[in-house]
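So the structure is just underneath, and the comments pick up after that.
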Number of protein chains: 2
Amino acid sequence: MFDSMSNDGNNLAAAIVTTIRDVVGEGDKVLHEPVFRGNEWACLKECLDSGYVSSVGEFVSRFEEALQDYTGAAHAIAVVNGTEALHMALLLAGVEPNDEVLVPALSFIATANAVTYCGAVPHFVDSEGESLGIDAEKLRDYLASIARQQNGICLNRHTGRVIRALVPMHVFGHMCDMDALLAVAEEYGLVVVEDAAEALGSFRDGSHAGTRGLFGILSFNGNKILTTGGGGAILTNNATLATKARHLTTTAKLPHPWRYRHDAVGYNCRMPNINAALGYAQLEQLPVFVENKRKLFARYHDAFSSMPDVKILQEPAGCHSNYWLQTLMLAPDQAGQQETLLEYAQDQGLKLRPAWELLNHQTPYSDMPSMPTDVAEALQQRLINLPSGADLGGDHV
Amino acid sequence: MFDSMSNDGNNLAAAIVTTIRDVVGEGDKVLHEPVFRGNEWACLKECLDSGYVSSVGEFVSRFEEALQDYTGAAHAIAVVNGTEALHMALLLAGVEPNDEVLVPALSFIATANAVTYCGAVPHFVDSEGESLGIDAEKLRDYLASIARQQNGICLNRHTGRVIRALVPMHVFGHMCDMDALLAVAEEYGLVVVEDAAEALGSFRDGSHAGTRGLFGILSFNGNKILTTGGGGAILTNNATLATKARHLTTTAKLPHPWRYRHDAVGYNCRMPNINAALGYAQLEQLPVFVENKRKLFARYHDAFSSMPDVKILQEPAGCHSNYWLQTLMLAPDQAGQQETLLEYAQDQGLKLRPAWELLNHQTPYSDMPSMPTDVAEALQQRLINLPSGADLGGDHV
């Protein structure tokens, strides 16, 4: 818990920056940097020499199999990025134009954009402060007040639209309370698609992020725990849906040695082999990356333990988190110091970042349905991400 | 012109396969293979060693500048693939949900899919036999019969929808008659977006493919004249639209050192740096690839010159084509032999390919508006693509 003592803003900012410097050292520090210290060269060279750099290639299969082994998902389908992975997963989960999809207000905008690409309407829900994910109890109460069920379908009584799906997002790599969210989804007949873009390497009660919903999605963007340049993956345990995912993401072309026939409006979003080669080499090092990020957490945690106005966000009970982004939480009465700290740190060569502006306050989504998001709003003013590269936690630092 | 003499189907297939073998040699031959004989490895290694493999990186800028230099387009924006390039270009060109967009029936399905992603309706038009592109005269007559103009907007009198845009597609790298198509577009107030996915390296009357419409798009998929693994680019001469394209393709995030605010439903589709590194090295070799493909054309042309039932498709007048895919055209009375030839060649280890099934006959588009497409239908039954890799035309073959 936060101590009641507090500094004024500039003193607090200076104290925080000094403490961060104790952990990460001097020099310009960004939020996240990839680490290439494994077989990246060897795999890229092998891929180039094979002549197969595009969507048909052995590294795509090898990367997908390695993702399956690591996450425990029965099927992984590698695609061009996490946003497209979520878009495809929502379509395959049955999201139709004019449906509503429940998404957290506290998320990167891609979560809502993927819903919009389906022609559906994001409907924003509030978060809880331990995992930063969707608050299952609040969601249950909210649905009781606005929804009704009809033939197993959940309808929004106010808009008349079908509420089709629920998208838990595992913020900064910390996993939501999936047991509680799956229970609410089952009560209301909602399909669950996990946005695990930030959570490769995170487990809760033994299950990897993205493996408990009908689908989960991962991202391998340059700022993630491992990178393919740009990339993402769809996870599912359902063999039929995995086959459909492979079909939908390759222009829905029917198998034939020369005829070009397509049975649906498909997409062109499989991961190229060259990106999968990079990903395969990165995935070999994932356990080290996670371990280093957990060490970095411990260092930040120790360093800030004596500072009364802040705490370092810790993994929820039952979680083994990838600590993708290390997160400082300002005491409630220090929320007003967020901007001062960000400016001061920027001047000192430290690129810190607040959580995203809430999605229900963003220009393209401000008119969309939303439950009251008091907790997310309070959290947004208190959260600050710290330099989090896996190298910062490595033993050679 | 075709001679009136003809063989029966099996004899014709055997004669064609023998002639192809005279040009490409023995062994399994696919339709297209990339050639990596330049600085690919050096650029990939430089990219990896820089630590920047994702969407921010120097190779993206270098690749875009090199594309601008080569094509003469004022602006090139590299994205994840040609389909997304076309989708983005259509959105930026003002295509809105429920608009109609005129696209050739004779094209890869991505041309129509990109229209559908905008919530718009593809409206199919016929081709002419010289370039295989949209027939401008037929289009003018058709629009005269179905369209009316109102305040500079073109309306479909039958459906009541706005006909917003025209998408000429440069088939197999041969350029459409852009002068004629631009004239029709101007008469009817249509925005022109050129689908030049297949035409990097092709010029007509001195202008590179994709540089005469408001936008043009390129593809760098593994089967194209050069490859980035997967990738595409948006071309435009309009600086304002180029800025909008960069914004829309990077989640419409407003510039700010730490705040995440977005002013529109954006997309996440910029080309990763690692793919641009590959593309940059490939683009250095493009003049050689084009030259080799033109040599390969000359060899096929010579080899088939004495065969009465076929001809090799030649670039239209005024064009300097990249000859992306070499194309055999069966004489009209031999159209029925297409399947026999494809089967026979397949058995002989030659992967030939017919043109795509017409889009207005494909399952997802069979109910969409279409003009009569007699010419495209006849062409579809007569066109066969031949092994076309740049290496097949190189001097070392």
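Of all heavy-atom pairs between B/Pro34 and A/Gly51, the closest is CG-O, 3.4 Å. The two atoms that bring B/Pro272 and A/Gly230 nearest to each other are CG-N, 3.5 Å, heavy atoms only. When all heavy atoms of B/Thr251 and A/Phe108 are compared, the pair lying nearest together is CG2-CZ, 3.9 Å. A/Ile274 and B/Thr228 make their closest contact through CG2-O, 4.3 Å (heavy atoms, listed as atom of the first residue, atom of the second, distance). Between A/Ser54 and B/Gly229, the closest heavy-atom pair is OG-O, 2.6 Å. Annotation for B/Arg261 and A/Gln362: closest pair CA-OE1, 3.4 Å, computed over non-hydrogen atoms.
Proximity to chain A (any heavy atom under 4.5 Å) is restricted, for B/Leu278, to the side chain, taken from C-beta onward. Residue contact with chain A, scored on non-hydrogen atoms closer than 4.5 Å, involves the backbone and the side chain of B/Asn268 alike. With a 4.5 angstrom heavy-atom cutoff, B/Glu343 touches chain A via backbone and side-chain atoms both. In this structure, the portion of B/Asn275 lying under 4.5 Å from any heavy atom of chain A is its side chain and not its backbone.
Interatomic distance, B/His256 NE2 to A/Leu342 CG, rounded to the nearest 0.5 Å: 8.5 Å. Put simply, CD1 on B/Ile109 and NE2 on A/His262 are 4.5 Å apart, with the number rounded to the nearest 0.5 Å.
For chain B, the option among A/Gly266, A/Pro257, A/Ala110, A/Gly222 with the highest count of heavy-atom pairs below 4.5 Å is A/Gly266. Of the listed residues (A/Val80, A/Thr83, A/Val35, A/Asn113), the greatest number of heavy-atom pairs within a distance under 4.5 Å of chain B belongs to A/Asn113.
Between B/Leu352 and A/Trp258, every side-chain heavy-atom pair lies at or beyond the 4.5 Å cut-off. At a threshold of 4.5 Å between non-hydrogen side-chain atoms, the residues A/Phe36 and B/Asp49 do not count as touching.
Here salt bridge (charged side-chain N to carboxylate O under 4.0 Å, His left out) pairs that include residues 77-91 of chain B, with residues two or more places apart or in two chains, number zero. Annotation: side-chain hydrogen bond (donor to acceptor under 3.5 Å, both in side chains) contacts involving residues 344-353 of chain A, sequence neighbours excluded, comprise A/Arg353-B/Tyr260.
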**OP:** Apply side-chain contact (heavy atoms from CB on, under 4.5 Å) to the pair A/Leu44 and B/Trp41, showing each step before the final yes or no.
**Re:** CA-CA 9 Å; A/Leu44 281 178; B/Trp41 176 236; 4.0 Å; yes
**OP:** Start with the C-alpha distance between B/Arg259 and A/Glu339, add both sets of side-chain angles, then the distance that settles side-chain contact (heavy atoms from CB on, under 4.5 Å), and finish with yes or no.
**Re:** CA-CA 10 Å; B/Arg259 291 283 163 200; A/Glu339 194 76 6; 2.3 Å; yes
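For B/Lys253, the NZ atom sits in a packed shell: over 12 heavy atoms of surrounding residues, nucleotides or ligands are nearer than 6.0 Å.
Classified by interplanar angle (parallel below 30°, tilted 30° to 60°, perpendicular above 60°), the ring pair A/Tyr267/B/Tyr117 is parallel.
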